[in-house]
Each structure stands twice: as structure tokens, then as C-alpha cells.
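Taking it in order: structure first as C-alpha cells, then the write-up.
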Number of protein chains: 2
Amino acid sequence: MAAKRSGALKKRSPRPAQEPRNEPPLSLERIVAAAVYLLDAEGVAGLTMRRLADRLGAGTMSLYWHVDNKGDVLDLALDAVLEYPGPPQPVVPGDWRAEVVHLLEHWRAGMLRHPWSASLLPGRALGPNILNRLELLGGILSRAGVADAELNAAIWSLWNHVMGATVTRASFDFSEDDRAAAQQRLARLGERYPTIERSRLLLDDDWDGTFRKGLDLLLDGLATRR
Amino acid sequence: MAAKRSGALKKRSPRPAQEPRNEPPLSLERIVAAAVYLLDAEGVAGLTMRRLADRLGAGTMSLYWHVDNKGDVLDLALDAVLEYPGPPQPVVPGDWRAEVVHLLEHWRAGMLRHPWSASLLPGRALGPNILNRLELLGGILSRAGVADAELNAAIWSLWNHVMGATVTRASFDFSEDDRAAAQQRLARLGERYPTIERSRLLLDDDWDGTFRKGLDLLLDGLATRR
DNA sequence: CAATTGACTCGTATGCTGTACGATGAGATG
DNA sequence: CATCTCATCGTACAGCATACGAGTCAATTG
């Protein structure tokens, strides 16, 4: 990722400077924190190298000392947001379903707090925090007795469910203002799409419930495989 | 979408022109076809309004007569690619599982032929072809006896599985060249991520099998809900 | 026939974007 | 003092979407 920056930690220069700098020196940590802030506040399109540098009180090109390109910033911001505090203790040890549910709901909640993360995840590098979560998930399933031959399919299916549910919600969670318009637009299509219309597929906003029900489908399916 | 273009179909001008035009006149159909071509050939980043116009032998700004903005082009290209020929006949009528499997595998195959479509789908408008597929899916499930209260969750879960599996495959299907590098990179992480390493989660390239197995999980879960 | 209208095309210009390159300076080391 | 490395940043460039207005024609109208 960052190429030029020397191997890990070095003594920081105290940086008195002639024109006195009122900002602390740049660092990967500061850059990533500012990037997350901008992404949260303005979305993916709102993060540009210029705005990022402005926010840090630095010149645009100074960023490129610490980072190879904008992709690095996105990779780092994404993985930073997906830090996992570690497997929870208060869960009943033998209850694999509860463990999976807790892991995935925590995961989903984290991504919903940073809606850009779901859309960013495919196509970006898998950082250590993401791998860590996959590892934990695989471990739970494996210990629960899922056969090795089924393990990858199980992991990916659960992963897809979390990603998909998060992305879907971000895409279709109409703001209250748009809601009336969406309602009307869909009503006009009622004749062509009667089932969708009747089930209010695109208007139902119980995303948490939908996520949970789908997860239960998968877990029920898994339960027959042990 | 297209704003200025008058209400639907009008007589086309034969367009002889003084400096003889060797290209047919622009039309939404030509624009969409060219956009799909560029997307297939160069990916999302390869589609720019300039290149699209060049390919059509037209000036860049001419496109904006037929289309409001680039988003329109993407919406139209996406929905064009997801056209559905209609429910297949040769399927056993009563076998809802086979119907769902056929519908979703056809869907997935279509998106894999145009890998950009999966990454584009969230965030873009739901065109008529997409809605049509959702309607068919909902109909099958409803007729199969899925309760209305469960219907939305079932539809979204299956939708997420198709989208997720397609996006996941596009993200992690390393080219043969990268494969050795990826292999080595992951081996180095083997100590930290033993389960992932053992299951070869990121190296397994049986995407079709993974998709099918995950789909069976969901369908098994659904089968208990009727 | 002449004048007008409307459909369509496109050149130019604006303000963004990521980033290549090279100049600049500070602190450490010789 | 001379060099070297770390770090910062101004300028420049190519490419992007698109606003605006001028241009060209065919069909319509008087």
C-alpha cells in the first residue's frame, strides 16, 4: 500500500517550521480518520484527495507521501471501520446459532453506521479486520459440525446475506420525503406487478426483521447439514 | 429519464445533411447498445460520454438530447441487459424449487455475462425488466405456499443471494496470473486465519457449486415454512 | 414561395477529478 | 560546512460530466 513510508515507526520530526504549522504532522492514522469522517458525512463521492487534504490542513500532494493512491485511502478507511472487538463472552458457549447471529448482526450494524462501506466492499482489498471476521465465522460453523465440503458455501452464503441486506437497505430505504412519490409510482405499476404490489416489497421498511428472517432461513438450512 | 425528447415515438428525419453523415442518426436504442458494448469491453470505468459518442460517430453533447445525464445511460444499459425472455415452459409445473432455481440461475448467468451489471445494480433505478423478475419470483413463492408475512424476507434473501454471489465472484475470481501471488499471500496469513486457510475459502473457484449449495440452504429453510 | 417552428447536432467553456514531477526546506549525520 | 533522508507542497496535465448557445436541417404554416 504505502510504498515510500519507511518500515513502520520512526522518530517523528518535531516540525517547528518557518511558517508555523498549526496542524499536527500528517500520519496514516490522521489521514484514515479524516477519510472516514468525510465518507460518513458526504458519501463516497464526497471524498476527494483535495478535500481530504484541506480537512487535514495539508497540501493535496502531501497525502501521496503516506499513501500510493486514492485506492489505498479507501482500503484503509474500509478496514478501519470494520474493526472487530473480538468474539463476545456472554454468549452461551455451545449455541452456535446465537454466535452466528451475534457476529453477523454486529457486522451489519457496523456497516449501517457507515453506509458507504457496503458499496465499497466488493472490489476493494480484504483487510485484516475483514479476514478476522471471516475467520471467526468459519470457526463457529466448523465447530458446529458443518462439513468441510460445505464450509465455503456456508461462509459465502452468510457473507452474501450480510452484504446484500446492507446494500439493499441502503439502496431502497427511501427517505420519508420520497416515500409518497415512490408509493405513487409503484401504485401505477400495480397491474403489471401484482405480487410485488400486494406484498409491498419496495415499501416495507422493516429491514431488521427482513434480515433476521432471511438469516433464520439460512441457519435452518444449515441445521439439516450437521 | 430523457427529458427533451418528445413523448415517445415521432417520425424520424431521413437526415441527408450537407456534409454527408456516414452514421445513422442517434437514437436511444443505438446509444444503449453502444453503452452495453463499451461496458462489456472496458468495464464501468471505460464508459465515458466522450467515448460513447465517439463510438457512435457523434459529438459528445449530442447524447444529451436523448438522455438527461450519464446516470440515465447506466440505468438503461443495466435494464437492457437484464431482459427476461419470460418464464420457461419445460419446467415441471408443480415443482416450485425447480422454478426458483431456473429463474435465479438464468438471472445469475445473465449478470455474469456482463460483470459490470452486478456492481451497478445497487444504487441504480429498478427498471421494468428487473421488476418483472422480482414479480415472477414472488409469484412462484406465493403459489408455493410461502405466507405473505414471510414473502418479502424470502424474496429479498434470494435476491441477495444472487446479487451477492455474482458480486463476490467478480471480486474474488483471481485471474490465473494473480493466482500464484494470492496463494502465497494467503499462505503467509495461515497462522492468523487457520480456518480460512484450511478451507481455501479465497482460492476455491467452484463458484457455480457455491451458488447452488447456498441456494439449497435457503430453499431448505423455505421448505419448512409452508 | 417565404417565414417560422421544432428536432437535433455539436463546439466551446467551466469546474471538477487523480496524480506526475520537481522544488523546497528541516533535521540528522558525516 | 556538505550531504543525505524525510516530508511537504505548488504547479501542471489530461480526463471527466455537463451548461450554454449557436448552428443545420425538414416539416409546417401563411
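Everything quoted here is computed from the prediction, not taken from an experiment. Numbers restart at 1 for each chain; the letters A, B, ... are given by sequence-line order, proteins then strands.
In this structure, Leu28(A) places its CG atom 11 Å from P of dA7(D), rounding to the nearest Å. The OH atom of Tyr64(A) sits 17 Å away from the C1' atom of dG22(C) (whole-angstrom rounding). In this structure, NZ of Lys70(A) is placed 8 Å from P of dT19(C), rounded to the nearest angstrom. Rounded to whole Å, the distance from CG on Asp68(A) to P on dG18(C) is 15 Å. Whole-Å rounding puts the Leu63(B) CG to dA19(D) C1' distance at 15 Å. Distance Leu56(A) CG to dC9(D) C1': 14 Å, rounded to the nearest Å. Taking atom CE on Met61(B) and atom P on dA19(D), their separation rounds to 7 Å, with Å as the unit. Between Ile31(A) atom CD1 and dT8(D) atom C1' the separation is 12 Å, expressed in whole Å.
Not one side-chain nitrogen or oxygen of Ser62(A) sits closer than 4.0 Å to the OP1 or OP2 atom of dA7(D). Of the side-chain N and O atoms in Trp65(A), none sit less than 4.0 angstrom from OP1 or OP2 of dA7(D). Considering only side-chain N and O atoms, His66(A) lies nowhere under 4.0 angstrom from the phosphate OP1 or OP2 of dC6(D).
Direction change of the helix axis from one end of the helix from dC1(C)-dG30(D) to dG30(C)-dC1(D) to the other is 30°, with five pairs defining each end axis (rounded to 10°).
Within a 6.0 Å sphere centred on CZ of Arg198(A), heavy atoms belonging to other residues, nucleotides or ligands number more than 12.
Closest heavy-atom contact between Arg108(A) and Thr166(A): CG-OG1, 3.9 Å. Nearest heavy atoms, Leu151(A) versus Ser142(A): CD1-N, 4.1 Å. Between Lys70(B) and Thr48(B), the shortest heavy-atom contact is NZ-CA, 4.4 Å.
To the nearest 0.5 Å, the span separating CG on Leu137(B) from CD1 on Ile196(A) amounts to 9.0 Å.
Using a distance-only test at 3.5 Å, with no hydrogens or angles considered, a donor-acceptor pair links the side chain of Asn69(B) to the main chain of Asp72(B). At least one donor-acceptor pair closer than 3.5 Å links the side chain of Asn152(A) to the backbone N or O of Ser199(B).
Residues of residues 42-52 of chain B having a heavy atom closer than 4.0 Å to DNA chain C: none are found.
Between Glu197(A) and Arg192(A) there is no salt bridge, since none of the side-chain N atoms of the basic residue sits less than 4.0 Å from a carboxylate O of the acidic one.
With respect to Val67(B), the side chain to side chain contact (heavy atoms under 4.5 Å, CB included) criterion is satisfied by exactly one of Leu26(B), Leu52(B), Val32(B), Val73(B): Val73(B).
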